[in-house]
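Remember, it's a predicted structure, so these values are computed and weren't measured experimentally.
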Amino acid sequence: HLSSWLRGCIQMLPGGAVARTLHFQAEDFLRRRLPARLVTQSRGRKWRSQQDEWRTRNKTVLTYIAAAGVGMIGLSYAAVPLYRLYCQASGLGGTAVAGHDTEQVATMTPVKERVIKVTFNADTHASMQWNFRPQQTEIFVVPGETALAFYRAKNPTDKPIIGISTYNVVPFEAGQYFNKIQCFCFEEQRLNPHEEVDMPVFFYIDPEFDEDPRMARVETITLSYTFFEAKEGQKLPLPGYSYN
């Protein structure tokens, strides 16, 4: 009521400037007379509103982060097998091409004037207790001609061990022309205590190797295998890396 009365009196005063000055002074007077608890309550409600808004925003951000994390974990589990299949099909990253065209093998013409030396490398992971080595250090082949090589693995321990291998070809660009008809890669191999086995690799180099300008100076190709102990939850490394 005091506020309404003061405003009415101010409006009745003559002179616009004087009226406005008195109006502001009256407003200041009213603010000073208001109980402090009303101001505190107003500020408290505003602060709680801001806190609720911040909590809502934080929950939304955390939800997005959690969803992104779950998605990336799923992709990481799928990346290795998908990438491996792609490399085997395309020869990317020095991975030899898996599978072969039977008709092509039967009809391809060897490029006799292009002799390639193929060397063989064998490695085992630090946790793998097998003895693993190639039976030959090198052989000479020509594009369009099949060849057979052997690796030997032995389990010198007193317990059965299951192994699985990865492989790659160096130089990497030659991987698309290195075709394996038969090999032991990416398949579990079980060796009983003190058992020793020979593992064949039947392969050929595509005749188109000789037509690729990038292969003009390539005279040596290295086929490398690495054996890992097959354990539950263990992930094999991506193919396409040399283990020398």
| field | Least distance between heavy atoms, V218 atom then I116 atom | value | O-CD1, 3.5 Å

| said: Applying salt bridge (charged side-chain N to carboxylate O under 4.0 Å, His left out) as the test, list every pair that has at least one member in residues 184-195; sequence neighbours left out. | reply: none

| said: Once side-chain contact (heavy atoms from CB on, under 4.5 Å) is applied, do any residues pair with R214, and if so which ones, sequence neighbours excluded? | reply: E173, Q176, Y177, D212

| note | Residue set satisfying side chain to side chain donor-acceptor pair (under 3.5 Å) with T220, at least two apart, ordered chain then number -> none

| message | Can you list everything that forms a side chain to side chain donor-acceptor pair (under 3.5 Å) with T146? Sequence neighbours excluded, please. | response | none

| said: Under 3.5 Å, is there a donor on one side chain and an acceptor on the other for T119 and T222? | reply: yes

| If you round to the nearest 0.5 Å, how far is NE2 of H125 from OG of S165? | 14.0 Å

| task | Compare every heavy atom of F209 with every heavy atom of I221, then report the nearest pair and how far apart it is. | result | CD1-CE1, 4.0 Å

| said: To the closest 0.5 Å, what do you measure between CG (D198) and NZ (K154)? | reply: 12.5 Å

| field | Any residue meeting side-chain contact (heavy atoms from CB on, under 4.5 Å) with P207, in chain and number order, not counting sequence neighbours | value | Q104, M108, V111

| From T226 atom OG1 to N168 atom CG, the distance as rounded to the nearest 0.5 Å | 7.5 Å

| Does the side chain of I161 reach to within under 4.5 Å of the side chain of E229, using non-hydrogen atoms? | yes

| For P193, side-chain contact (heavy atoms from CB on, under 4.5 Å) partners two or more places apart | P160

| query | Taking S224 as the fixed residue, which of T166, D123, V169 is the one that meets the side chain to side chain contact (heavy atoms under 4.5 Å, CB included) rule? | reply | D123

| message | Show every salt bridge (charged side-chain N to carboxylate O under 4.0 Å, His left out) that has at least one partner inside residues 139-148, sequence neighbours left out. | response | K112-E145

| request: Any pair with a residue in residues 132-144 that passes salt bridge (charged side-chain N to carboxylate O under 4.0 Å, His left out), sequence neighbours left out, goes on the list, sorted by first then second residue, please. | output: K117-E138

| said: Do M199 and I162 land in one hydrophobic cluster if side-chain heavy atoms of ILVMFWY residues count as linked below 4.5 Å? | reply: no

| Can you name the residues that form a ring pair (Phe, Tyr, Trp, His ring centres under 6.0 Å) with F120, not counting sequence neighbours? | none

| request: Would you mind listing the cluster partners of V115? Hydrophobic ones only (ILVMFWY), side-chain contacts under 4.5 Å, chaining allowed. | output: F140, V142

| query | Got a sec, which residues hit salt bridge (charged side-chain N to carboxylate O under 4.0 Å, His left out) with E196, two or more places apart in sequence or on another chain? | reply | R152

| task | Using the six-membered ring of Y204, assess whether NZ or CZ of K180 lies under 6.0 Å from its centre and within 45 degrees of the ring axis. | result | no

| message | Taking the side chain as everything from C-beta on, heavy atoms only, tell me whether Y167 gets closer than 4.5 Å to F184. | response | no

| Contacts of D158 that satisfy side-chain contact (heavy atoms from CB on, under 4.5 Å) - sequence neighbours left out | H194

| What are the two closest non-hydrogen atoms of Q136 and A149, and how far apart are they? | NE2-CB, 3.4 Å

| request: With rounding to the nearest 0.5 Å, note down the distance linking CD in E208 to CE in M215. | output: 12.5 Å

| query | Within a strict 4.5 Å, meaning less than it, do heavy atoms of the N179 and F203 side chains meet? | reply | no

| message | Could you measure the distance from the SG atom of C183 to the OH atom of Y225? Nearest 0.5 Å is fine. | response | 4.0 Å

